[in-house]
Amino acid sequence: MLVALLPGDGIGPEVVAQAKRVLDAVCGDALSYEEAPVGGAAYKTQGHPLPPATLDLAKRADAILFGAVGDPDCDALERRLRPEQAILGLRKELTLFANLRPATLFPELADASALRPEVAKAIDMVIVRELNGDVYFGEKGMRTTPSGRRQGYDVMSYDEDEVARIAHVGFRTARARRGRLCSVDKANVLETSQLWRDVVIEVARNYPDIELSHMYVDNAAMQLVRNPGQFDVIVTGNLFGDILSDQASMCAGSIGMLPSASLDANQKGLYEPIHGSAPDIAGQGKANPLATILSAAMMLRYSLGMAAEADRIEAAVAKALAAGQRTADLGGAVTTEQMGEAVLASL
């Protein structure tokens with residue numbers, strides 16, 4: 001099975017390298033790899049953040065392991081050439097519409113959470129985020145008002161099929177867990193969210209065994225801090241999901257701990273840590289590779305049919321943490337490579 005390695009920018013190459021070491025140890029010759037540039041690294045060498053050869057590899061591969069994109073050197077580029085357009089382009093071209101972001105607190109990291117340990121220890125949820133719609137893909141631009149003032153605009157929109165598609169993923173995810181789904185929207189203000197809520201209710205008729213609730217996004221943000229243990233699965237749109245999943249990561253100890261999967265309708269996926277490229281620590285050996293290693297485990301489970309191998313990796317991560325291994329984001333001094341070695345030793 002072919003895995004596309006797209007390390008990207010900043011700390012991306014460092015954390016992907018450690019994840020590949022773990023995959024090699026667990027999977028042996030079952031996987032083959034091809035690597036390609038993406039993001040700012042691709043722009044600097046090939047003039048585009050998502051070169052045709054990189055996109056071709058992503059399409060040919062059975063799964064994609066992605067690092068991170070983002071480079072301050074590229075901030076002044078026109079939007080279509082900025083590093084972040086690479087991940088948006090991959091989501092669009094591969095129809096990766098369903099983003100799964102599990103947030104679980106490892107017991108050993110209770111003290112690393114921004115929440116009180118007794119609150120944080122209850123965190124065990126999956127955020128299902130829609131990826132192909134919303135303001136990220138809506139009509140956008142800059143214009144001049146009749147009074148001569150500059151105005152930026154980004155259109156938020158969903159059609160009912162897009163909402164139904166991600167709602168089914170949310171319900172199926174809840175069915176595989178504890179049977180509770182919370183749909184997050186802003187239906188008291190946004191017409192887009194009213195459609196979202198209406199369609200989710202319609203889809204719920206197919207899942208009578210799932211307990212469905214609704215919550216406004218501002219309340220959901222508050223409840224993630226106040227009582228995160230109430231959530232099993234959250235399903236929400238692109239913008240809200242982006243914000244809430246980052247918030248959940250800090251509740252669970254560190255943004256360096258959370259993996260993610262972006263899936264198409266056939267379970268082909270792109271797997272990446274939810275953290276960014278962190279250019280301020282790139283090349284210093286300070287990055288936490290665990291989110292990428294856990295993303296690799298998700299890749300084995302969801303796209304490559306290797307659940308037993310995924311279990312081994314996740315158990316090794318837990319064992320390394322139990323042994324006291326901590327990178328800087330977790331309050332320790334273990335380097336990126338040393339954390340990778342700790343996971344290897346725990347397999």
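Note that the numbering runs from 1 along the sequence shown for the chain. Worth saying up front: this structure is predicted, and the values here are computed from it rather than measured.
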Self-check item: Shared hydrophobic cluster for Tyr136 and Tyr153 (ILVMFWY, side-chain gaps under 4.5 Å)
Solution: no
Quiz item: Is there a donor-acceptor contact under 3.5 Å linking the side chains of Gln194 and Arg197?
Solution: no
Self-check item: Test item: side-chain donor near acceptor, Arg82 and Gln85, under 3.5 Å
Solution: no
Quiz item: Does a salt bridge link Lys20 with Glu35, judged by any charged N lying under 4.0 Å from a carboxylate O?
Solution: no
Quiz item: Charged N to carboxylate O below 4.0 Å: is that the case for Arg165 and Asp159?
Solution: no
Quiz item: Looking at side-chain heavy atoms only, is the closest gap between Val217 and Asp185 below 4.5 Å?
Solution: no
Quiz item: Quick check: are there more than 12 heavy atoms from other residues, nucleotides or ligands sitting under 6.0 Å from CZ of Arg178?
Solution: yes
Self-check item: Sequence-distant partners of Arg116, side-chain hydrogen bond (donor to acceptor under 3.5 Å, both in side chains), two or more places apart
Solution: Glu118
Quiz item: Under the side-chain hydrogen bond (donor to acceptor under 3.5 Å, both in side chains) test, which residues partner Thr145, sequence neighbours left out?
Solution: Ser147
Exercise. Among Ile, Leu, Val, Met, Phe, Trp and Tyr joined by side-chain contacts under 4.5 Å, find the other residues sharing a cluster with Ile281 and list them by chain and number.
Key: Ile11
Self-check item: Sequence neighbours excluded - side-chain hydrogen bond (donor to acceptor under 3.5 Å, both in side chains) pairs with any residue from residues 66-75
Solution: Lys44-Asp71, Lys44-Asp73
Quiz prompt | Euclidean distance, Ser157 OG relative to Leu190 CG, rounded to 0.5 Å | solution = 12.0 Å
Exercise. Can you sort out the partners of Tyr158 under ring pair (Phe, Tyr, Trp, His ring centres under 6.0 Å), two or more places apart, ordered by chain and number?
Key: Trp196
Quiz item: How would you list, by chain and number, every residue that makes a side chain to side chain contact (heavy atoms under 4.5 Å, CB included) with Thr173, sequence neighbours excluded?
Solution: Leu100, Val126, Val128, Val169, Arg177, Val233
